[in-house]
Amino acid sequence: MQQEVADALHRDGFFYARGIGPDEYLALAALLGDIVALEEIELRPGVRSYACSPGPVPFHTDHPAVTTAAWYCVRQDPGDGASLLVDAQRLVGKLNPEQLARLERLRLAFPPLVAGHPPGTAPVLVARSDGYGIYYPPVARPDNPEPRALSALQELADRIREIGPTEQIRIRLEVNDALFVDNRRMLHGRGPLRPNSPRLLRRAWIQRELAPLSFV
């Protein structure tokens, strides 16, 4: 399955694995790179993170050092709880060359990845062999941005907010399903949950190389 996952990530930006056990999930994640963080994603009263709140999670990418983000379904919301994906390559393809150049120059802050890993900044867009890699945390704002670069970021944010249901990939994980996503290509989010939703996903952050060195 390792090659199947790798091929799907390259071709589609994501892979949906149905009916695998928790040990198989972690073993598969480890084959894709180093697991640098594991976290239980569930509603937690008093926690400000949008992933732990019942409101909708806006489209975003995770830490820029993470090449693959993965989620394993332990418990699902009985009503919905679907993961929503958007291929950022299609969004970026609608930007003009001047906007692309501005976003390549614009850097946004990122927090420490794990203990001992320093924070830093990363460009919103990075050219790569299949187009562009993207780093998009909706709540981040650059320090001392040039007005034209900030305008390009606002244009990208507006395009993301305008994404309609027909442009989204909707995957509702069942218990023992897993989702692997190219974190530098696919924006992910979800709709609102009930305040007492039992939804619990086990998230793994996977790193294939020492990517942070290129971002600092």
Side-chain angles (χ1 to χ4, degrees), residues 1-63 65-88 113-114 136-139 160 163-208:
M1 185 181 285
Q2 176 190 5
Q3 191 59 49
E4 184 181 0
V5 177
D7 290 345
L9 288 172
H10 178 73
R11 181 184 65 248
D12 306 318
F14 70 95
F15 179 78
Y16 179 15
R18 295 174 172 85
I20 64 175
D23 292 339
E24 184 179 0
Y25 164 66
L26 292 177
L28 185 55
L31 290 173
L32 296 174
D34 295 327
I35 300 175
V36 294
L38 283 171
E39 184 177 358
E40 305 280 276
I41 305 298
E42 61 183 336
L43 299 188
R44 300 174 189 168
V47 177
R48 298 182 63 182
S49 167
Y50 44 58
C52 299
S53 303
V57 175
F59 285 113
H60 66 284
T61 62
D62 289 338
H63 196 287
V66 174
T67 50
T68 304
W71 297 266
Y72 181 79
C73 183
V74 179
R75 296 191 303 267
Q76 184 53 282
D77 183 88
D80 190 7
S83 299
L84 304 176
L85 305 178
V86 170
D87 190 340
L113 177 60
V114 292
Y136 183 73
V139 297
I160 291 172
I163 294 169
T166 60
E167 300 176 274
Q168 302 171 12
I169 300 167
R170 185 178 185 278
I171 299 176
R172 184 177 183 274
L173 298 175
E174 301 289 348
V175 174
N176 297 331
D177 288 353
L179 177 62
F180 296 83
V181 168
D182 181 344
N183 184 54
R184 296 176 181 170
R185 172 178 168 181
M186 306 298 289
L187 300 166
H188 60 271
R190 65 156 169 78
L193 299 173
R194 300 174 305 165
N196 62 343
S197 173
R199 184 178 186 264
L200 171 60
L201 304 183
R202 186 164 295 138
R203 186 184 66 189
W205 277 353
I206 305 164
Q207 188 181 69
R208 286 197 300 271

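In what follows, residues are counted from 1 in the order of the sequence shown.
Residues Pro195 and Leu43 approach most closely at O-CD1, 3.6 Å, considering heavy atoms. Annotation for Cys52 and Val47: closest pair CB-CG1, 3.9 Å, computed over non-hydrogen atoms. Closest non-hydrogen pair, Leu38 versus Ala204, comes out as CD2-CB, 3.6 Å. Nearest heavy-atom pair, Ala51 versus Ile41, reported as atom, atom and distance to 0.1 Å: O-CG2, 3.9 Å.
Here ring pair (Phe, Tyr, Trp, His ring centres under 6.0 Å) pairs that include residues 166-201, with residues two or more places apart or in two chains, are Tyr25-Phe180, His60-His188, Trp71-His188. Within the structure, no pair that satisfies the salt bridge (Lys or Arg N to Asp or Glu O under 4.0 Å) test touches residues 25-37, not counting sequence neighbours. Under the salt bridge (Lys or Arg N to Asp or Glu O under 4.0 Å) criterion, the residue pairs touching residues 192-202 are Glu40-Arg202, Asp77-Arg194, with sequence neighbours excluded.
For Glu167, the salt bridge (Lys or Arg N to Asp or Glu O under 4.0 Å) partners at least two apart in sequence or on another chain are Lys94. Checked against salt bridge (Lys or Arg N to Asp or Glu O under 4.0 Å), Asp87 has the following partners two or more places apart in sequence or in another chain: Arg185. With sequence neighbours left out, the ring pair (Phe, Tyr, Trp, His ring centres under 6.0 Å) criterion links Tyr16 to no other residue.
Within the model, atoms CD of Glu4 and CZ of Phe15 stand 4.0 Å from one another, a figure rounded to the nearest 0.5 Å. For the atom pair CD of Glu24 and CG of Asn176, the computed distance is 10.0 Å after rounding to the nearest 0.5 Å. Rounded to the nearest 0.5 Å, atoms CZ (Arg190) and CZ (Arg172) are 13.0 Å apart. Atom-to-atom distance recorded for Leu201:CG and Leu179:CG is 9.0 Å, nearest 0.5 angstrom. In this structure, OG1 on Thr67 lies 8.0 Å from CG on Leu32, to the nearest 0.5 angstrom.
Side-chain contact between Val86 and Met186 is absent, with no heavy atoms from C-beta onward closer than 4.5 Å. By the 4.5 Å heavy-atom criterion applied to side chains, Gln3 and Val5 are not counted as neighbours. By the 4.5 Å heavy-atom criterion applied to side chains, Phe14 and Ile171 are counted as neighbours. Side-chain contact between Ile160 and Leu187 is present, with heavy atoms from C-beta onward closer than 4.5 Å. Between Tyr50 and Pro56 the shortest side-chain heavy-atom distance does not fall below 4.5 Å. Using a 4.5 Å cut-off on side-chain heavy atoms (C-beta onward), Gln76 and Leu173 make contact. At a threshold of 4.5 Å between non-hydrogen side-chain atoms, the residues Pro78 and Pro198 count as touching. In this structure, the side chains of Val36 and Leu113 come closer than 4.5 Å at one or more pairs of heavy atoms.
Under a 3.5 Å cut-off, the side chain of Tyr72 and the backbone N or O of Ile20 do form a donor-acceptor pair. One N or O on the side chain of Asp177 and one on the backbone of Gly19 form a donor-acceptor pair closer than 3.5 Å. For Asn183 (side chain) and Asp62 (main-chain N/O), a donor-acceptor pair under 3.5 Å exists by modelled atom type. A donor-acceptor pair is defined here as one N or O able to donate and one able to accept, closer than 3.5 Å; no such pair exists between the side chain of Ser83 and the backbone of Gly189. Side-chain N or O atoms of Thr61 include none that pairs as donor or acceptor with a backbone N or O of Arg184 at under 3.5 Å. Of the possible polar contacts, one joining the Ser53 side chain to the Ser49 backbone as a donor-acceptor pair under 3.5 Å is found.
For Arg170 and Asp80, the salt-bridge test passes: some basic side-chain N is under 4.0 Å from an acidic carboxylate O.
For the residue pair Arg208 and Thr68, a side-chain donor N or O sits within less than 3.5 Å of a side-chain acceptor on the partner.
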